Protein chains: 2
Amino acid sequence: MKDNEAAEKPEEYMPLREVVFLTLRRQILRGELKPGERLMEIALANRLGVSRTPIREAIRKLEHDGLVVMIPRRGAHVAEITRQELCDVLEVRKSLDVLAIRKANEFMTGKDLKNLRAAGEAFAVLVTQKNADLSMLGEADEHFHEMIYQGTGNRRLIQILGNLREQMYRFRVEYLKDKDIRQTLVEEHDAIVEALEKRDVEEAVRMIELHIDNQYSAINRALDQ
Amino acid sequence: MKDNEAAEKPEEYMPLREVVFLTLRRQILRGELKPGERLMEIALANRLGVSRTPIREAIRKLEHDGLVVMIPRRGAHVAEITRQELCDVLEVRKSLDVLAIRKANEFMTGKDLKNLRAAGEAFAVLVTQKNADLSMLGEADEHFHEMIYQGTGNRRLIQILGNLREQMYRFRVEYLKDKDIRQTLVEEHDAIVEALEKRDVEEAVRMIELHIDNQYSAINRALDQ
DNA sequence: TATGCGAGTCTTGTATACAAGATGTGCACA
DNA sequence: TGTGCACATCTTGTATACAAGACTCGCATA
């Protein structure tokens, strides 16, 4: 996604609206800004030390990403995520992740697969560490999946899947707390990599489906508490 | 999508940014604003009789929809659509349309199916008319598919598919010119409705896949000219 | 006590002013 | 003639001013 690209090149000029956008997004995804919380332009502008203009433009982008909801003349608030919406997102994601695996199987080179395996192992190493930072774990997991997406060569698919995954970051911290789940994730990643290495696409598809289904159960369990 | 909802309720207050957004979007989709054309804020503001503020916010939304591309400090221009991107979009759409058909088969009631059949027939009637308006044809076709999407009950899926279809409106006028293609569309719609009525989901999936594949070929042929 | 009205305040919507980077042009100089 | 630099202009980025709708809260009245 373009915003991530921007974040990867800190030497480049970045408009304030991008900075504000990234800041607010991070705060929403981390739960520092809670669902339902009002986003008042003047308050945000004062807090971030900018004027209302970049705040407003950042909010437009957040709205588009589904992270905030706007009501005309009444302002913006952080979007609530209902269980139904989570279910909807995961259903779409499952379908597209299957497409991604098929395309990745088609296009990823041996070198790509080596990098993917490395990404899976990097995540596994973090899982073995007792006091690993949850947000680092999340990023490592994200990196693994992002490599598969990149392997598809379909930019639109990459963009949509990135966006859908983003919706779930808000739950990530919750379900990553469970250590059993972490170990399961490692094993599933491994199974995916192995299937791709064997070019056994149907097995890879089964594994990614299982991976998403498990994620669904895990998040639902976390929500039940 | 929320913008369409806004358009459906003209009695409601609509911020200028929405008006500008809808205006520019229509002009881009209709080809009145051509790919690569620069969108200069002051010029647009003068032309539409508003200030730069709503223009800027509308451009942010268009950027998000992929209809315009922004380069920091250099402004926005109408996005080019390459054949590769078209291919990418259709690939994602095919995957999600299959999901939509499966969900629609699961959730659409007999009444929903009757409405769907009516929508298919409305399109068919327009096709028989010799001098039918292309944009009306396009809207009827859109309506047919939208009904399937609505039948899924998955709001996220509806939103994403709506967005993807939008990307193709820019080609719609081209490929709908071909009268043979119109007849093919009618037959395919019919086959989809019948399969759903018989609750033969695998047949419905085959038909929607064929439908998208044919659309892909048709647009590619139109582009070749 | 409950309800309705209204002034004051808060917040968003829109316009405009100002700052600074990007571009284009013409002239000087090699 | 070609290259490069400086200045003028254009355009976007950001801040601020002003307009108008939405909300709050208290008071008056039934």
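Small disclaimer: the values here were computed from a predicted structure and weren't measured. FYI, side chains are in, hydrogens and waters are out, and symmetry mates aren't considered; it's all heavy atoms of this structure. Protein chains get the first letters and strands the later ones, always in sequence-line order, with residue 1 at the start of each.
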Could you check if a side-chain atom of A:V193 sits within less than 4.5 angstrom of a side-chain atom of A:L113, using non-hydrogen atoms only? no
Checking C:dT12, D:dT11, C:dG13 against the side chain of A:I42 (C-beta onward), the nearest is C:dT12
Flag for A:Y169-A:E142: side-chain donor and acceptor within less than 3.5 Å:
yes
Taken to the nearest whole Å, CG/A:N46 to P/D:dT14 is 17 Å
Side-chain atoms of A:T53 come closest, of C:dT14, D:dT12, D:dT14, to D:dT14
Quiz item: Under 4.0 Å between a side-chain N/O of A:S51 and OP1 or OP2 of D:dA15, yes or no?
Solution: yes
Within residues 72-79 of chain A, those residues having any heavy atom closer than 4.0 Å to DNA chain D are A:R73, A:R74
### Query
Does a side-chain N or O from B:Y13 land closer than 4.0 Å to OP1 or OP2 of C:dT14, or not?
yes
Taking for A:P15 and for A:R52 the nucleotide of DNA chain D with the nearest heavy atom, the one nearer the 5' end belongs to A:P15
Rounded to whole Å, the CD-P distance (B:E41 to D:dG13) equals 6 Å
In whole angstroms, the gap separating P of D:dG21 from CE of A:M40 amounts to 21 Å
note: A:L16, atom CG; C:dA20, atom C1'; distance rounded to Å ~ 13 Å
Given the options A:R52, A:R60, A:R17, B:E57 meets salt bridge (charged side-chain N to carboxylate O under 4.0 Å, His left out) only with A:R60
Exercise. Should the pair B:R26-B:E32 be classified as a salt bridge under the 4.0 Å nitrogen-to-oxygen rule?
Worked result: no
- prompt: So does B:R155 pair up with A:E85, basic N to acidic O under 4.0 Å?
  reply: no
Exercise for review: Compute whether any side-chain donor of one residue and acceptor of the other, for A:T152 and A:N154, lie under 3.5 angstrom apart.
Suggested key: no
Assign A:R17 to base, sugar-phosphate, or nothing according to its heavy-atom contacts below 4.0 angstrom with the strands shown.
sugar-phosphate
Whole-Å distance, B:E18 CD to C:dT12 P, equals 16 Å
Checking D:dT14, C:dT14, C:dG13 against the side chain of A:M70 (C-beta onward), the nearest is C:dG13
Between B:R56 and D:dT12, is there a contact of a side-chain N or O with OP1 or OP2 at under 4.0 Å? no
Atom CZ of A:R38 and atom P of C:dT11 are separated, to the nearest Å, by 7 Å
Describe the nucleic acid contact of A:I59 in one word from base, sugar-phosphate, nothing, applying a heavy-atom distance below 4.0 Å.
-> nothing
Please check this pair: side chain of B:D65 against backbone of B:L67, looking for a donor-acceptor N/O pair closer than 3.5 Å.
no
In B:L176, B:V127, B:L137, the residue satisfying side chain to side chain contact (heavy atoms under 4.5 Å, CB included) with B:L185 is B:L176
Pick base, sugar-phosphate or nothing for B:I55, based on heavy-atom distances below 4.0 Å to the nucleic acid. nothing
B:E57 atom CD is separated from C:dT16 atom P, nearest whole Å, by 16 Å
In whole angstroms, the gap separating P of C:dG13 from CD1 of A:I71 amounts to 11 Å
